[in-house]
Amino acid sequence: MAEYNHKEIEQKWQHYWAENKIFKAEVNPEKPKFYVLDMFPYPSGAGLHVGHPLGYIGSDIVSRFKRNKGFNVLHPMGFDAFGLPAEQYAIQTGQHPAITTEQNIKRYKDQLKGIGLSYDWDKEVQTCDPKYYKWTQWIFSQLYNSFYNNVSNKAEPIENLMAVFEKEGNKNVKAICDEDTSIFDAIQWNGLTEEKKALVLLKYRLTYPADALVNWCPELGTVLANDEVKDGFSERGGYPVERKKMRQWMMRITAYADRLAGNLEKLNWSESMKDMQTNWIGKSYGCELDFKVADKNITLTCFTTRPDTIFGVTYMVLAPEHELIDELTTSTHKEEVDAYVQKAINRSERERMSEVKTVSGVFTGSYVINPFTKEKVQLWVADYVLAGYGTGVVMAVPSSDDRDFRFATYYGLPVKKVIGGTEDLEDPTEIKYGKMINSGFITGMESKDAVLATIEHAEKEGFGKAKINYRIRDAVFSRQRYWGEPVPVYFTEDGVPHLIPEDELPLELPPVDEYLPTESGEPPLGRAKDWVYKGKYNYELTTMPGWAGSSWYFLRYMDATNEKAFVGSEVVKYWNSVDLYIGGTEHATGHLLYSRFWNMFLFDRGFIFHEEPFQKLVNQGMIQGRSNTVYKLKTENTFVSLGLKDQYDTIELYADVNMVYNDKLDIDAFKNWRAEYAEAKFILEDGDFKCGFVVEKMSKSKYNTVTPDAMIEKYGADCLRMYEMFLGPIELSKPWNTHGIDGVAKFLRKLWGLFFDYEGNFLVKDEKPRAEEYKALHKTIQKVEQDIESLSFNTSVSEFMICVNALNQLKCHKKSILENLLVVLSPFAPHISEELWQSLGHEQSIINAPYPVFNAAFIQEDEYEYPIMINGKLRTKIMFSLDKQPKEIELETLKNETVLKWLEGKQPKKVIVVPKKIVNLVV
RNA sequence: GCCGAAGUGGCGGAAUUGGUAGACGCGCACGACUCAAAAUCGUGUUCUUUCGGGAGUGUGGGUUCGAUUCCCACCUUCGGUACCA
């Protein structure tokens, strides 16, 4: 072969890999395993752009590297195939979402294969495949059949709980359950009807139906999880979201809040990612305190993290949604309170958010009694108190809480200062901690000690207890949509839910005539004809959310075709948890929390053997678009180059980045782009038409999308892979700019040139390398190996360039050098490496070639050129033998001509000689 | 507001535990080859300069013989989160 022909080579090797199942991963206890995982994509209609594969290329390099290093590597890919876009498209066109999804998946797979990624496609999973979602439904069933035991601190079968109920009721049970669960004994339990028993058990199950205040998105016709809502709008589509009470399946993730937060410490994740999860879980230590309502037989419990400020409580506040509001409102205030509550509840999330700094509230007419001081304070309703957090009741301490202070100031409520140092302050909330003042028995204590003292006192007196509170809420699991996993549940006439038995799974998605809600407002599944269980029981009509299928796919990959279990236990024992997981930050509080939850649950129940699914997590940065702009005169069909545009009255328009090179417009291509530009005139500068640029999101409407296909067509997959890595550290976001890719293309041609000359003559000879050649090679082996371990792929690419430049300079065509270099390069540029590897006479794929062993002897230097600095400024350099003693170096330096000139006859005060680093003279 | 990450040439970026700032590449300039162009190769390329130097890693200070690196304060950008009691 005369010239480097990427197209031919890449197709050849991609076929070879696929036909010979080179990347097939099978359990092999003889070999150490390594599991490299990419976050699996939702196959959108637009296909991949060059930003998507960034992480895939990085993980592919690690996978291939580990293979060369002797590991048994599991590196799978699949598709998160249920989802809104396909369904929205189905609503518009009537086409079944499965068809669109299949087409999109095919396109994605073609694109991924074109990049030469080393996936074991036999392990592919698609969440919308009934063979897959059978097991998603099975896991749902396991959750349904489990409760969380606070004593063993893990999930257990619900039968364990039932056995205890039969023996002694629930009075000694320490388990996670609904707040409103009442206490009963064995006699009461055993006396309950089956229906009643079932309803009680729902309060304990890890998945359960409940009336919950949810994020309802009318535009999408479904509820959304908290992490799917951003600033009051749906994350997908950007439609407004409102609060609504609906009956929903919920997941009791709160049972795992503590372990999810605590385990983070053990994980090799970025600090920012751990922080995001920690904040989302929002664990806070404090206590619950009971306030009796004056003249009423009601006790309100509030949660506070600052019980030390109890003597500063000057009023109390309820959330507008609080269920006792009617009872707590006196007749004289009824009208006002009702009006306020109505307004507050109807206010959309969005409005509430935009008015964060304004305060509003009304007095209920009732008073509560501070259990510590016996003081009567006013009870208010205000929407700054959230129903969903704590108990929906807040003790207000305006002297140490900003919001309380703002509220009290606005409504003229008293402020009582309880922390030392705040006595004379205008705004006492500036100081949050100190010595307590005006605080009864805790006066004089430090706030920290006072917290403990007050809790102790409250517990002794029986009106409070220490409590850990979490911000995280149970996750809404129902979606009022069609394109998702059916929930494997039917309802008997009494409304009690029952699981579809395991051997009848999967419960397949039935056909419907339209992908819209029914007339009566039921989800689309309500349209399915004759879709009833055993001919008489109604099925659950909501489907599972997107995160259901993605919460366990990493387990299914291990054993993708197992029909007896979601994953075989020997298999999961071997592959265990993911060693390296690469994906975007956007999944920090959704997918990464839910999958940890499900994994932990499956671990508790003994189905798998690792508590945490992802040991090391790396977030790849986003590749932003880099749009090009051109400037058209407002009144004429004439465009003006960037540098001259200020002399004219222009409007800015996009030019497709694919017809701009180094910000210079290809005018002919531009004229052909659109009919209205065919006759356009151009005002050039220095003979070129220069475009402006803007960095923004990559999208079709901005004409700044670049597809991997286009890059591969022109430069080849190896070039694209290396260039993407060369752009910078994998975790950094950066704009895509095709300009630099030529550098990598040149590198590949130079590499090729070490093997073949222009006529296609094979140049490689089996000769003994010289010291410089060994040095160039081993420097590269060392650097690249370190870089891959730390995922610094960008510097590896530089190193390869340096090495090939050096070998070119040395005119090195020696087999033993080039052979090793190819193995080191192969994870980055696998196709060209395979081809050249074969040209050296190898019959086996380079994928299994052993990684060269770095030998420090080859890069050993015996001399070093010391930079000589005088007062920290570099003045000259002197070569010294590395075994020369510092004292000798000092003496010789002081004799050096340049040094003497700079010393101007003065004697240096101090001479610092750092071996193999530097010499610094202080004058 | 709070939490986190990041600020280095015209551009992407490099610099191991504090030790020659700007590796590697793009772009640009000049040169070679060519009738010419492309490709390729070579040289130069932080700024400034009176060609001795001087300044320089967001800003201001500090520690040090020596700071892109460590400490303090601040500014900017990006990501997350937000009446969370």
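What's counted below: heavy atoms across the whole structure, side chains too, no hydrogens, waters or symmetry copies. Each chain gets a letter, A, B and so on, in the order the sequences are listed, and its residues count up from 1.
- Comparing the P positions of U43(B) and G25(B) gives an interatomic distance of 12 Å, to the nearest angstrom.
- Residue-environment remark: OH (Tyr661(A)) exceeds the threshold of 12 foreign heavy atoms within 6.0 Å.
- By the ring pair (Phe, Tyr, Trp, His ring centres under 6.0 Å) test, Phe726(A) pairs with no residue at all, sequence neighbours left out.
- Anti is the glycosidic conformation of G79(B), whose angle departs from 0 by more than 90°.
- A67(B) and G56(B): their C1' atoms are spaced 14 Å apart (whole Å).
- When the side-chain nitrogen and oxygen atoms of Asn794(A) are compared with OP1 and OP2 of A14(B), one or more of them lie within a distance under 4.0 Å.
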Worksheet, complete the sentence: Protein-proximity profile, nucleotides 50-71 of chain B, B/S/- by nucleotide at the 4.0 Å heavy-atom cutoff, equals ---SSS---------BS-----

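- Of the P atoms belonging to U69(B) and A15(B), the separation is 15 Å, rounded to the nearest Å.
- For A38(B), there is no paired nucleotide, since no Watson-Crick or G-U wobble pair has both relevant distances below 3.5 Å.
- Close to U40(B), at under 4.0 Å from its OP1 or OP2, lies a side-chain N or O of Arg749(A).
- Across the C1' atoms, A5(B) and G10(B) are found 26 Å apart, a figure rounded to whole Å.
- Between the side chains of Asp787(A) and Thr795(A), at least one donor N or O lies within less than 3.5 Å of an accepting N or O.
- Taking the six-membered ring where the residue is Trp, the centroids of Phe463(A) and Phe372(A) are separated by under 6.0 Å.
- The partner of C26(B), taking Watson-Crick or G-U wobble pairs whose two distances both stay under 3.5 Å, is G10(B).
- With sequence neighbours left out, the side-chain hydrogen bond (donor to acceptor under 3.5 Å, both in side chains) criterion links Asn279(A) to no other residue.
- Counting heavy atoms from C-beta on, the side chains of Ile623(A) and Leu727(A) come closer than 4.5 Å.
- For the ring pair (Phe, Tyr, Trp, His ring centres under 6.0 Å) test, no residue two or more places apart in sequence or in another chain qualifies with Trp280(A).
- The base-pairing partner of G79(B), taking Watson-Crick or G-U wobble contacts with both distances under 3.5 Å, is C3(B).
- With both ends at atom P, the span from G80(B) to U63(B) equals 40 Å, rounded to whole Å.
- Comparing G9(B) with A23(B), their P atoms are spaced 13 Å from each other, to the whole Å.
- Protein atom CG of Asn619(A) is 13 Å distant from nucleotide atom P of A6(B), rounded to whole Å.
- The distance from the CG atom of Leu260(A) to the CG atom of Leu592(A) is 11.5 Å, given to the nearest 0.5 Å.
- Under the Watson-Crick or G-U wobble criterion, with both distances below 3.5 Å, A73(B) is paired with U59(B).
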Practice prompt. I would like to know whether Glu861(A) and Lys916(A) meet salt bridge (Lys or Arg N to Asp or Glu O under 4.0 Å); could you show each step before the answer?
Written response: CA-CA 10 Å; Glu861(A) 304 265 0; Lys916(A) 220 192 161 195; over 6 Å; no

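- Shown for residues 733-741 of chain A: residues whose heavy atoms fall under 4.0 angstrom of RNA chain B, namely Lys734(A), His739(A), Gly740(A).
- Side-chain contact check for Asp474(A) and Thr254(A): at least one donor-acceptor pair (N or O, by modelled atom type) lies under 3.5 Å.
- Residue Ile802(A) has its side chain nearest to A23(B) when only G13(B), A85(B), A23(B) are considered.
- Considering only side-chain N and O atoms, Lys783(A) lies nowhere under 4.0 angstrom from the phosphate OP1 or OP2 of U16(B).
- Using modelled atom types, one finds no donor on one side chain facing an acceptor on the other under 3.5 Å when comparing Thr738(A) with Tyr715(A).
- Pair assignment for C47(B): G54(B), on the basis of Watson-Crick or G-U wobble contacts that are both within less than 3.5 Å.
- Remark: the separation of the C1' atoms in U68(B) and U57(B) is 5 Å, to the nearest Å.
- Considering only side-chain N and O atoms, Arg473(A) lies nowhere under 4.0 angstrom from the phosphate OP1 or OP2 of C84(B).
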Worksheet item: Would Met711(A) and Trp736(A) count as a side chain to side chain contact (heavy atoms under 4.5 Å, CB included) if you check the C-alpha gap in whole Å, the side-chain angles of each, and the deciding distance to 0.1 Å?
Response: CA-CA 12 Å; Met711(A) 292 292 108; Trp736(A) 175 267; 4.0 Å; yes

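- In the set G25(B), G19(B), C83(B), the nucleotide with an atom closest to the side chain of Ile918(A) is G19(B).
- When each of Glu799(A) and Gly390(A) is assigned the nucleotide of RNA chain B bearing its nearest heavy atom, the one mapping closer to the 5' terminus is Glu799(A).
- Closest to the Ser798(A) side chain, of the nucleotides G4(B), A85(B), C24(B), is C24(B).
- Nearest nucleotide to the Met276(A) side chain, out of U40(B), G80(B), C24(B): G80(B).
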Output one line per pair: protein atom, nucleotide atom from nucleotides 43-48 of chain B, and distance, for all N/O pairs under 3.5 Å.
none

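- Nearest nucleotide to the Val385(A) side chain, out of A14(B), A82(B), A85(B): A85(B).
- Using a 30° and 60° split on the angle between ring planes, Phe828(A) and Phe800(A) fall in the perpendicular class, above 60°.
- For G56(B), the glycosidic angle deviates from 0 by more than 90°, giving an anti base.
- Looking at the side chain of Tyr384(A), the nearest of the listed nucleotides C83(B), G19(B), C84(B) is C83(B).
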Practice prompt. Could you please spell out the steps behind the ring-ring contact (aromatic ring centres under 6.0 Å, His included) verdict for Phe407(A) and Tyr315(A)?
Written response: CA-CA 10 Å; Phe407(A) 194 84; Tyr315(A) 65 102; 5.5 Å; yes

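- Checked against C83(B), G25(B), C84(B), the side chain of Tyr389(A) finds its nearest nucleotide in C84(B).
- G7(B) and U20(B) have their C1' atoms separated by 24 Å, given to the nearest Å.
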